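Following: one structure in structure tokens, then a few remarks.
Values below: all heavy atoms of this structure, side chains included; hydrogens, waters and symmetry mates excluded. Numbered from 1 within each chain, the chains take letters A, B, ... in sequence-line order. Keep in mind the model is a prediction, meaning the values are calculated, not measured.
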There are 2 protein chains.
Amino acid sequence: MFKKSLLLIGLCFLCGIIQAQELKSPDGNLVLNFQLTDQGVPTYKLTYKTKDVIKESKLGFAIASGTEQLDKNFKVADVQYSSEDTAWEPIWGEQREIRNNYNEMFVNLTQDNRMINIRFRLFNDGLGFRYEFPKQENLFTFVIKEELTEFNMAGDNKTFWIPGDYDTNEYTYTTTKITGIAGAMKEATHHVLDQFPIKTLAVQTPLMMKSDNGLYINIHEAALVDYPAMQLNVDDKKLAFSAHLVPDVFGNKGDMNTPAQTPWRTIVVSDDARNILSSRMIVNLNEPCTYEDVSWIKPTKYIGVWWQMFTGRGSWAYSDETNIKLGVTDFAKLTPNGRHAANTANVKKYIDFAAANGFDQVLVEGWNIGWEDWINPVREYLFDFVTPYPDFDVKELQRYAASKGVKVMMHHETGGSVSNYERHQKDAFQFMADNGYNAVKTGYVSRIRPKGEHHDGQAMVNHYINTAKLAAKYKVMVNSHEAVRPTGLYRTYPNWLAQESARGTEFESMGGLPPEHTTILPFTRMMGGPMDYTPGIFQTDFTYYSADNHNRVRTTLVKQLAYYVTMYSPLQMAADLPENYERFPDAFQFIKDVAVDWDNTYILEAEPGDYVTIARKAKGKNEWFIGGVTDENAREAVIDFSFLPAGAKYTATIYADGKEADWEKNPQSYTIKSVPVTHKTKLKQRLAPGGGIAISVK
Amino acid sequence: MFKKSLLLIGLCFLCGIIQAQELKSPDGNLVLNFQLTDQGVPTYKLTYKTKDVIKESKLGFAIASGTEQLDKNFKVADVQYSSEDTAWEPIWGEQREIRNNYNEMFVNLTQDNRMINIRFRLFNDGLGFRYEFPKQENLFTFVIKEELTEFNMAGDNKTFWIPGDYDTNEYTYTTTKITGIAGAMKEATHHVLDQFPIKTLAVQTPLMMKSDNGLYINIHEAALVDYPAMQLNVDDKKLAFSAHLVPDVFGNKGDMNTPAQTPWRTIVVSDDARNILSSRMIVNLNEPCTYEDVSWIKPTKYIGVWWQMFTGRGSWAYSDETNIKLGVTDFAKLTPNGRHAANTANVKKYIDFAAANGFDQVLVEGWNIGWEDWINPVREYLFDFVTPYPDFDVKELQRYAASKGVKVMMHHETGGSVSNYERHQKDAFQFMADNGYNAVKTGYVSRIRPKGEHHDGQAMVNHYINTAKLAAKYKVMVNSHEAVRPTGLYRTYPNWLAQESARGTEFESMGGLPPEHTTILPFTRMMGGPMDYTPGIFQTDFTYYSADNHNRVRTTLVKQLAYYVTMYSPLQMAADLPENYERFPDAFQFIKDVAVDWDNTYILEAEPGDYVTIARKAKGKNEWFIGGVTDENAREAVIDFSFLPAGAKYTATIYADGKEADWEKNPQSYTIKSVPVTHKTKLKQRLAPGGGIAISVK
């Protein structure tokens, strides 16, 4: 990590005289205008190549009564401009080096005896801005009732959205015009466990849009720290969005204590959809990592005792007893149900498979006591995180795994009982340290304790970060499920390797995901950071397990391979059962080969909701992997190999959908062939309905 | 601890046939009747020597919707009788051995496919009963909306009460008839920090009453574990009380998970007020201690860097800076205010004084960073419990104290931010272990976090107990302030040495306590357990500190001495400044001499609101100490020394109010004289208005 240059142009304007400011992106394509209205309300607008992205939109806050609102009567006391063009090297990521290039405008606003600042950073790929509350006599602590930030759109954009919800983001996406959101909301708000939909019209970020005049616009936030997540109110008459922060149990939306700042509000813009996916603006807006030692943080490929439960072949719980109670029930005396998957013998088989096929870790869910009755909002003490079931021998499995060069991955399901988890967290991490674990999957299924708090509220935002920081003290990597969606914090806390925070593969076993789902996720959920999507399901038709199980994964087998490239994560699971990989060893070779860390990334083709094709160079190796996915429609991908170094010849192994392949009728039809390629190669390749393409190049 | 006898008389009645039961106390004076109404509502009534104590009163629960209520349609499935007459030896206490003698009736009630049990224990000094919810298929978890237990009184009793409040018990007592409560409630609900008065007519327990026909009746609870505290609704038309549990943030009143039980509802009764104070029923109803090692638990006499702040001579905070923020503010760079009491040099003076006068410990408040702005409901991270102010040298003070045979006592003020405390608690106790601390005063001033929880709710009840249990792992004794009032749990957790949980001496510096206050506390707050009342104030007139400070302690000096006997605690503070003790060395001798642990206790005189005279024999020594207090009226105490062993002659040193002594006009007038006494001595001694008497016998 090094700093190329830092140009500071300080321009101090006389108080209140100059109230309108302009800022341009380094390439001049984006123009931001800041202005106070006659009433002293801060506003901004944004254009891209002269096209309106955000029309004049207000900024400010409603705060708890007793203090004047922070929404008007402001004066501009000072404006400072600066620029940065530096680069830094992430510990892991989609590229070895990330350029951080922006022009900044820092606006100091005063209101009576108080002040707030707004810091705008304009990159070539978008705008980030945040509010800052400096330490000051007359603004020490205050409570936000609502952030008043507006995003007024210039047209009735095509929008890829999920319903506003304080507790879950595990919805399928709906695609409508802004004016179509209201009509589609009821159907879009399908059942999700412990959902808490916003009663007024609202959607979640990252929100992806496409304007009629060809602009791709993504609204999200960066560096969500000590603040509630931002969702968006929808005003479909004005074609406008506005901040809707997730409330605490009192309905308040942020306890502020100066000095403080909001997360960055981010608007990524381009007229080429590929630039949305290649944008690094959100991670750039996060703070650098301050860990002294990061040597223990390693991208990880893993398998898990997990899908076995979703296919009905195993259970998380050790017994079928229901009324169990930690501290009272003697789990050693329960009658085993005979289906408990996390038993020593079974886990050893997974360890054997991992060792034989080059996987780093084996996740084991259901290893610890309490799973007989764990989704129960009346109970707080759901798990202790340190006591295994009688048939799970921690020491023996650690010994066995170590002898094979494999790690067992810890699982901390909290059942949403975070107060209980926090009480046990240090003991739980110490238990991991004592037993050789270096990675944990955390889970937050069900209603949150403390009572009335939400998954996406300020208290929980702080909990997830505190967990990442605490884990770092024990040199533990974290993979959080059911947490608030990411906002680029993996830069600051790189041991927070991945998150779920969207509808992932598990839902394929509970009704299925539409084929377009994974053509939308890169433009939405994944704008904030890596997703533990848990791909790699080869056996997509569940009648394989039981004649009356009509679930099916809505992809071809090859599309599952493509995910290892299109669904970026430094933590990649091969989620299917080992036996299914053994049935298709040639296809499985791609999963064994594919890298989990990259020198560079090339977005070859992209259209949200339709298709994504990405090539990546493996870190430190002359190997490339390409993945392409389509929605429910077949398509022809055009793969331009110009990312390869000129001059040399390489061998591409192409994993393609078979001619008759179809996610529904013939998902396991595929072909594998090797062809020579150079940087001049342009490969046309048909993708089946719900299909994909995966290529490895050496 | 040994078991003298256990007589079990199992009587199984045929289901539903016999619905009325009677139980008598071992001495036959108390009679309990249990009966189901025609609608299957459980009821009970209680008489003492044929006088009604509790008229027929209902039992049951309202539970959250979706399940049939637990309030009627019950049948008696089984009744079992048993008796116990054993004795046990507390680790510390008012007497070396406690007799546990009761007759029990266990009633098994069924309702459709569910069952609950009610267990009645009738002692010679009162009734305890609790509800039990056995593990069962159809009652696993449920939410209590309200406990329906009634206490219907037989007359318009004289009542000593404080207002119902979910967050504080730091009120002065009001004395009225039951029918006078409503009219006096407004004035009784005077301002207390972060009070949360119950909106309907309610009072707190322990509730002390005296009936027109001469019965003393005390209603409280025992073994409050994993359940909200019980306060009492007042129906002044029916002369009835009913349970009012402290709600959680949703207004619910108990998350139950079978097997479970409520605390014991206790009614202590006698026609002699002295028997109320000598009752051990509440502690008997608590579970025995299960700690393996209790050798580290020691009754303690201590002084503190504490009253210095209340007298205006010092501050908790190190600086006068206000907008401090942990993790941001560099406390080493703040400008000291010059009044910070917890500085190394000052604490050394206290250590010197403690060592010179035989005190075990020196409490130091304000030692750790964060006191500049600590009562602030918007902030969660108020203290870290491990970082001293720059002028407080932990290591040096521990070295210095150890060299003098004294301990420094830790202070954990949470500011009510319990979620923050729980996150830091293990580190904080480890810090204590690393630095030689073995006792902590905990504080819970201000609104509770998790948001919306109350000091007396189920979540906090669990927190206090968890803290005692966690402290025990580190061999740490706990003295909790602003916690829920005690219910005899010191039997189970004897390292939970004392609590405040009432209006204590600190309020003498904030408006004062009425002289009768300490004639009521033994009958109310102290029924549940020892109180850290912090007595021993010799300089009662605050003009001593500053001409314009018109606060004063409303006692004579001698009454402060008497408290060391009348206000039982195994943890006793000498709360005044060392300089004030040095001004009255002859009176101070009593504090130096008085024991903090006892072989036996003799209640010599008692009338709630008027006077209390108690004698105690020091543990393992032929020394006795006697304390007597009166309210605002002078009185003549009659001290019967018949508790002394017959035959021997002893010397009594009598600390008495001077002839002209008066709490207001002449508080520091006292006489000290020695007289010979035997078990036949009957000493008449005048107590001044607001005065007392203290006697040591060797």
Nearest atoms (heavy-atom pairs only) where B/Val484 meets B/Tyr464: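 Here B/Val484 and B/Tyr464 meet closest at N-CE1, 3.4 Å.
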
B/Lys426 with A/Asp427: basic N within carboxylate O range, under 4.0 Å: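 So B/Lys426 pairs with A/Asp427 through a salt bridge.
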
Please look at [X] and chain B and tell me whether the side chain, the backbone, both or neither of the residue comes under 4.5 angstrom of a heavy atom of that chain.
{"X": "A/Asn376", "value": "side chain"}
{"X": "A/Asn252", "value": "neither"}
{"X": "A/Phe140", "value": "both"}

Side-chain heavy-atom pair B/Ser480, B/Trp496 within 4.5 angstrom cut-off: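 SC-SC contact between B/Ser480 and B/Trp496 confirmed.
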
Side-chain touch A/Thr329/A/Leu334, heavy atoms, less than 4.5 angstrom: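 Side-chain contact under 4.5 Å: yes.
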
Side chains of B/His455 and B/Tyr444, donor plus acceptor under 3.5 Å: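 Their side chains do not contain a donor-acceptor pair, so the 3.5 Å distance test is not met.
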
Between A/Ser319 and A/Asn337, a side-chain donor and acceptor under 3.5 Å: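 Distance-only check fails for A/Ser319 and A/Asn337.
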
For [X], which atoms come within 4.5 Å of any heavy atom of chain A: side chain, backbone, both, or neither?
{"X": "B/Asp248", "answer": "side chain"}
{"X": "B/Ile324", "answer": "backbone"}
{"X": "B/Arg423", "answer": "both"}

B/Phe385/B/Phe431 under ring-ring contact (aromatic ring centres under 6.0 Å, His included): CA gap, chis, key distance, verdict: CA-CA 9 Å; B/Phe385 310 96; B/Phe431 177 87; over 10 Å; no

Among the listed options A/Glu380, A/Arg379, A/Arg449, the residue most often paired with chain B at heavy-atom distances under 4.5 Å: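 Looking at each of A/Glu380, A/Arg379, A/Arg449 in turn, A/Arg379 comes out on top.
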
Closest-packed option against chain B by number of heavy-atom pairs under 4.5 Å, given A/Lys451, A/Gln136, A/Lys135: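 Sorted descending by pairs with chain B, the first entry is A/Lys451.
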
Pairs of heavy atoms under 4.5 Å with chain A: top-ranked of B/Asn323, B/Asp373, B/Thr322, B/Val249: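 Greatest number of close heavy-atom pairs with chain A: B/Asn323.
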
